[in-house]
Amino acid sequence: VQLQASGGGMVQPRGSLRLSCAASGRISGIRFMGWYRQAPGKERELVAGITAGSSTNYAHSVKGRFTISRDNAKNLYLQMNNLKPEDTAVYYCKYVSGYETWGRGTLVTVSS
């Protein structure tokens, strides 16, 4: 299974982006899907996650601004609104089934 994240780019503060994570190959028994980010000089952190039962959780810093969702094709999305410069980071998706699978990151830059 491979995951490909896309949708990153450069946006001005208060702008929006929608990230996508597409899964290729066979994968079943997904228990958790999440978006993580890593800013320069910082550790990777969980931004938002969704469980098999559709429970969601968000980092405090993005609550009310970001929305995680998925579709029946096992793709994952992150709608990011009201972006701030501190949201600048490389964003990664991760699926957890019997093992963890990470996607390649997509860079989000928020700058005026």
Side-chain angles (χ1 to χ4, degrees):
V1 174
Q2 290 188 328
L3 302 179
Q4 180 63 56
S6 62
M10 179 175 286
V11 64
Q12 293 187 340
R14 294 178 297 281
S16 296
L17 285 173
R18 179 177 170 85
L19 304 184
S20 299
C21 181
S24 60
R26 296 182 64 181
I27 184 170
S28 61
I30 298 174
R31 301 198 304 267
F32 175 85
M33 305 163 79
W35 286 99
Y36 294 74
R37 68 185 180 188
Q38 187 166 19
K42 295 187 177 182
E43 293 187 354
R44 191 172 297 188
E45 63 173 353
L46 175 66
V47 176
I50 184 166
T51 68
S54 298
S55 295
T56 59
N57 64 293
Y58 296 89
H60 178 74
S61 60
V62 308
K63 277 183 180 178
R65 300 188 296 121
F66 291 11
T67 303
I68 190 170
S69 63
R70 63 183 181 193
D71 63 23
N72 292 333
K74 299 177 182 177
N75 298 316
L76 183 68
Y77 306 96
L78 186 68
Q79 177 67 42
M80 305 187 295
N81 298 327
N82 190 22
L83 282 159
K84 303 177 180 181
E86 52 263 41
D87 295 318
T88 295
V90 178
Y91 285 71
Y92 301 87
C93 53
K94 183 180 83 170
Y95 290 13
V96 178
S97 54
Y99 47 87
E100 291 186 356
T101 303
W102 286 90
R104 287 190 174 184
T106 183
L107 176 63
V108 173
T109 303
V110 184
S111 175
S112 55

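- When every heavy atom of R70 is checked against every heavy atom of S54, the shortest pair comes out as NH2-OG, 3.0 Å.
- Rounded to the nearest 0.5 Å, atoms CD (Q2) and OG (S24) are 5.0 Å apart.
- For S111, there are no side chain to side chain donor-acceptor pair (under 3.5 Å) partners at least two apart in sequence or on another chain.
- Cluster partners of V47, using a side-chain heavy-atom cutoff of under 4.5 Å among ILVMFWY residues and allowing indirect links, are V1, L3, V11, L17, L19, I27, I30, M33, W35, I50, Y58, V62, F66, I68, L76, L78, M80, L83, Y91, Y95, Y99, V108, V110.
- Residue pairs meeting the salt bridge (charged side-chain N to carboxylate O under 4.0 Å, His left out) criterion with at least one partner in residues 50-60, sequence neighbours excluded, are absent.
- Counting heavy atoms from C-beta on, the side chains of P85 and P13 come closer than 4.5 Å.
- Annotation: side-chain contact (heavy atoms from CB on, under 4.5 Å) contacts of S20 (sequence neighbours excluded): S6, Y77.
- For Y36, the ring pair (Phe, Tyr, Trp, His ring centres under 6.0 Å) criterion is met by W102, not counting sequence neighbours.
- For residues 95-104, every residue pair satisfying the salt bridge (charged side-chain N to carboxylate O under 4.0 Å, His left out) rule, not counting sequence neighbours, is listed here: K94-E100.
- Listed by first and then second residue, the salt bridge (charged side-chain N to carboxylate O under 4.0 Å, His left out) pairs involving residues 10-30 amount to none (not counting sequence neighbours).
- Atom CZ of R31 is separated from atom OG of S97 by 7.0 Å, given to the nearest 0.5 angstrom.
- Applying the salt bridge (charged side-chain N to carboxylate O under 4.0 Å, His left out) test to every pair with at least one member in residues 37-62, sequence neighbours left out, gives these pairs: R37-E45, R37-D87.
- The shortest distance between side-chain heavy atoms of L46 and N57 falls below 4.5 Å.
- For N81, the side chain to side chain donor-acceptor pair (under 3.5 Å) criterion is met by S16, Q79, not counting sequence neighbours.
- Within the structure, every pair that satisfies the disulfide (SG to SG under 2.5 Å) test and touches residues 18-112, not counting sequence neighbours, is listed here: C21-C93.
- Annotation: side-chain contact (heavy atoms from CB on, under 4.5 Å) contacts of N72 (sequence neighbours excluded): none.
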